[in-house]
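The basis for the numbers below is simple: all heavy atoms, side chains too, and nothing from hydrogens, waters or symmetry mates. All residue numbers in this chain count up from 1 along the given sequence.
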Amino acid sequence: MDLIVARNRTDLIKARGAGTVALVPTMGALHEGHRSLIRTARARADQVVVSIFVNPLQFGPNEDFSRYPRTFDADLEVCREEGAEVVFAPAAQDMYPPDRQVSVHSGEMGRIVEGASRPGHFDGMLTVVLKLFNLVRPDVAVFGQKDAQQLAMIRRMVADLDVPVEIVGAPTVREPDGLALSSRNRYLSAGERQVALALSRALRAGAAEREPAKIRAAAREVLDAAAPALELDYLALVDPATFGEVPESHTGEAVLAVAARVGATRLIDNAVLTLH
Ligand code: AMP
């Protein structure tokens, strides 16, 4: 069966099958990371829906909304190759009528770490994800660990608002040299790409330590060595569920999260560590 491209709600309803549905929300410019999410979805439901929507609500006024890469035809090919049944690619004016009023508020958790650097980002992200859940009505939705706070916030929304969907996290896919795949990597020049490797290197240096202060210090040292070509935004060692900084006595999982600017490109990455 060929891939169905649903451009609006009516198309989407027509495309709905009888069995279980897994949703993979994306902003397009699909790469191996997205492919792995689609494969995870494929293994969990009868029908896989990939949404492609560059959500204006989650971009700040000085962010890259207008220059965000848009590669729709290549994206359709990726979805075909990975065996998705439906691509849902709505127009912004259909998703957000001019008279809309109500949106999702991400709370305190949406104002810390990544949320502190990107005011309004998590409100916009949660609003579109809840709308996608209501439109597609998936049994399962798959998100990447690459955007660790996004994944944590979506789990929080689903718990707090009793949204009837199972959230599945999928591991971060990396280039052989460690760089986490991102649609934004295509903004990087060859030189900038070399500088950007400091993010994953810093995470590995942190992961080699055992105590929070040492983990933070080891990662920070790598990032400092890459300055000023790399401009650090934040380095945080946080609880995976709340994104609050972990105390020195913390045991169990912690997320070492980093965001930095390399040239005009803002990159994020993280590693999940287990502290004993
Ligand atoms: P985006 O298109 O960047 O909004 O990402 C769509 C989904 O793909 C999100 O759930 C991301 O976390 C996930 N994703 C992005 N990059 C990667 C990666 N390198 N590995 C795994 N998942 C990823």
Side-chain angles (χ1 to χ4, degrees), residues 9 12 16 20-27 34 37 40-41 44-45 48-51 53-60 63 88 90 92 94-97 99-172 234 236-247 250-257 259 268 270-275:
R9 286 151 221 260
L12 187 65
R16 202 187 163 85
T20 53
V21 175
L23 171 66
V24 181
T26 81
M27 298 201 299
H34 300 111
L37 266 49
T40 301
R44 285 185 173 258
V48 173
V49 179
V50 178
S51 63
F53 182 64
V54 185
N55 175 31
L57 238 55
Q58 71 188 66
F59 287 78
E63 294 183 1
F88 178 47
D94 286 345
M95 288 296 268
Y96 301 121
D99 63 345
R100 72 180 195 95
Q101 297 280 326
V102 178
S103 58
V104 180
H105 178 64
S106 57
E108 261 314 295
M109 195 178 158
R111 312 269 172 283
I112 57 176
V113 196
E114 182 74 0
S117 297
R118 302 187 68 188
H121 169 69
F122 285 120
D123 293 359
M125 180 278 292
L126 290 178
T127 298
V128 82
V129 167
L130 186 60
K131 282 173 69 77
L132 290 168
F133 287 170
N134 288 332
L135 288 161
V136 176
R137 301 182 183 225
D139 300 277
V140 178
V142 186
F143 295 89
Q145 178 63 39
K146 162 75 167 37
D147 298 276
Q149 193 172 357
Q150 166 172 291
L151 176 57
M153 293 247 44
I154 289 165
R155 290 192 195 282
R156 204 60 259 169
M157 173 175 76
V158 163
D160 289 353
L161 302 183
D162 301 301
V163 186
V165 61
E166 181 193 351
I167 303 302
V168 173
T172 302
Y234 62 77
L237 183 66
V238 298
D239 181 300
T242 64
F243 265 69
E245 288 285 344
V246 300
H250 182 81
T251 56
E253 286 199 336
V255 173
L256 183 59
I268 62 170
N270 71 86
V272 183
L273 316 181
T274 306
L275 308 184

Answer yes or no: is there a side-chain heavy-atom contact under 4.5 Å between L57 and V128? no
Euclidean distance, D147 CG relative to I268 CD1, rounded to 0.5 Å: 4.5 Å
Checking L132 against F88 for the side-chain contact (heavy atoms from CB on, under 4.5 Å) test, could you report, in this order, the C-alpha distance in whole Å, the side-chain angles of both residues, the deciding distance, and whether it holds? CA-CA 9 Å; L132 290 168; F88 178 47; 3.9 Å; yes
Check: T26 side chain, S51 main-chain N or O, donor-acceptor pair, under 3.5 Å: yes
In sequence, state the C-alpha distance, the side-chain angles, and the governing distance for M125 and I154, and then conclude on side-chain contact (heavy atoms from CB on, under 4.5 Å). CA-CA 9 Å; M125 180 278 292; I154 289 165; 3.9 Å; yes
What are the two closest non-hydrogen atoms of T40 and A170, and how far apart are they? OG1-CB, 4.4 Å
Which atoms form the tightest heavy-atom contact between A254 and P240, and what is the distance? CA-CD, 4.1 Å
Using side chain to side chain donor-acceptor pair (under 3.5 Å) as the criterion, list what pairs up with Q149, not counting sequence neighbours. none
Approximate separation, where rounding is to 0.5 Å, of E108 CD and H105 NE2: 7.5 Å
Side-chain heavy-atom pair F122, V104 within 4.5 angstrom cut-off: no
Using a strict 4.0 Å threshold on nitrogen-to-oxygen distance, state whether D123 and R118 make a salt bridge. no
For G124 and Q58 the tightest heavy-atom approach is C-CB, 4.0 Å
Atom pair CD/CG of Q150 and L126 - distance to nearest 0.5 Å: 8.5 Å
Could you report the tightest heavy-atom contact between R44 and T20, atom names first, then the distance? O-OG1, 4.4 Å
Could you tell me whether a side-chain N or O of T172 sits under 3.5 Å from a main-chain N or O of K146, the two making a donor and an acceptor? yes
How close do E114 and A259 get, heavy atom to heavy atom, and via which atoms? OE1-CB, 4.2 Å
Any salt bridge (Lys or Arg N to Asp or Glu O under 4.0 Å) involving residues 149-160? Give me the pairs, sequence neighbours left out, ordered by first then second residue. R156-D160
Residues 137-145, side-chain donor-acceptor partners within the protein, below 3.5 Å, at least two apart:
| from | atom 1 | to | atom 2 | distance (Å) |
| --- | --- | --- | --- | --- |
| D139 | OD2 | V21 | N | 2.7 |
| Q145 | NE2 | N270 | OD1 | 3.4 |

Can you name the one residue among M95, M27, K131 that meets side chain to side chain contact (heavy atoms under 4.5 Å, CB included) with F53? M95
From D239 CG over to E253 CD, what is the distance, rounded to the nearest 0.5 angstrom? 9.5 Å
Looking at side-chain heavy atoms only, is the closest gap between P119 and R111 below 4.5 Å? no
So how far is it from F243 CZ to I112 CD1, rounded to the nearest 0.5 Å? 8.0 Å
If I take atom CG from residue L135 and atom CG from residue D94, how far apart are they, to the nearest 0.5 angstrom? 10.0 Å
